[in-house]
Amino acid sequence: MMSHPELRHSRIAGTGSALPARRVTNADLAAEMASRGIETSDDWIVDRTGIRARHFAPKEQASSDLAVQASQQALESAGLSGAQIDLIIVATSTPDMIFPSTATIVQRKLGIVHGCAAMDVQAVCSGFIYALSIADAMIRVGTARNALVIGSEVFSRILNFDDRTTCVLFGDGAGAVVLSASDSPGILATDLHADGRHLDILCTPGTVAGGTVLGDPFLKMDGQAVFKLAVGVLESTARTVLEKAGRSEADIDWLIPHQANIRIMQGTARKLKLPMDKVIVTVDQHGNTSAASIPLALDVAVRSGRIRRGDTLLLEGVGGGFTWGSVLVDY
Ligand code: UT7
């Protein structure tokens, strides 16, 4: 790859997102589950999570399809063509296939044929934060100039719809950004962490071997354990990334947390002394879309005119692994 030593920063040049057409409300889900003798309600789901609806993809719509739609929007808003992209990173835990990576499938579907690097990142719900941090680092050292950074998921594929403690929480979708080299930031600081000791509180432990599924291929979660860890690490990574950038809570215009549960977001905002009207919330309409949730929320807020050029954004992810991290951005 070409080296661009004079370019020291990366900047979000454009955003995009995609949702499957089918919107499923809590009432729809409760009725479908009741027909199988499983009890849940709109009241329980809204009260415990803030979720009112989510989107589910049909079998023929894969993570790569949602990623392509989101990428096309992001490219358009950045005013770039696929030919100008020299790095594609897809964060996903629901890839199209075991291999090749969803990123190479996206590259092919976008018609990008000049041989740019493409790879997947697996950090579950923190995946987009990991992917954005990697793309930022690659741009800063000069190995990439324009990166497509995507979070895309079809979590409905790994939900056990007989398990009411998990199946009401997740949804499908994608979000993408174009990250471009710039002589001013851009991304101000990044902060990534993982602690594999907690891997069993949120996992999909099955795999495929000898032509059959080995182990359980459905998502499992100890919700309360995840909740407690999430609130603590989201506060600590926020403070770390602010310190790295020499900024304070007062500088944050918008907090864009991983969209898992409104109560976790409220707890994080409280600790950072941010009013909820500075928090971008889409969990009510999308549910938890894992690696897609942050770029999806970012794009919704940009397109609605709430987030404007010059705003300072704190993006924060937390999820299976356990993984967590944040990115501070001058948009
Ligand atoms: O993206 C990765 C990050 N994931 C998360 O951030 C998830 C974090 N955890 C959570 O969001 C919450 O822990 C949950 C929303 C998963 C659960 O909320 P909770 O307030 O911790 O509820 P709970 O697990 O303590 O369950 C309370 C009750 C239980 O009944 P009993 O034992 O008190 O009789 C559950 O069986 O609610 C019951 N319950 C339900 N009831 C109706 C659990 N799921 C449901 C349901 N509908 N869907």
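As a basis for the values below, the full set of heavy atoms in this structure was taken, side chains included, without hydrogen atoms, waters or symmetry mates. Counting starts at 1 for both ligands and their atoms, following the listed order.
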Neighbour list for ligand 1 [protein residues, heavy atom under 4.0 Å]: Glu39, Thr40, Trp44, Arg48, Thr49, Cys125, Arg164, Thr165, Val168, Leu169, Leu202, Met221, Gly223, Gln224, Val226, Phe227, His258, Ala260, Asn261, Arg263, Ile264, Asn288

Nonpolar side-chain network containing Ile150, other nodes, edges under 4.5 Å: Val68, Leu75, Leu80, Ile85, Ile88, Val90, Val106, Leu110, Ile112, Leu148, Val178

Main-chain N/O of Val24 paired with Arg54 side-chain donor or acceptor, under 3.5 Å: yes

Flag, side chain of Glu249 to backbone of Leu272, donor-acceptor distance under 3.5 Å: no

Sidechain-backbone polar pair: Asn26 side chain, Ile45 backbone, donor-acceptor under 3.5 Å: no

Side chains of His9 and Ser182, donor plus acceptor under 3.5 Å: no

Exam field: side chain Glu153 to backbone Ser93, donor-acceptor pair closer than 3.5 Å: yes

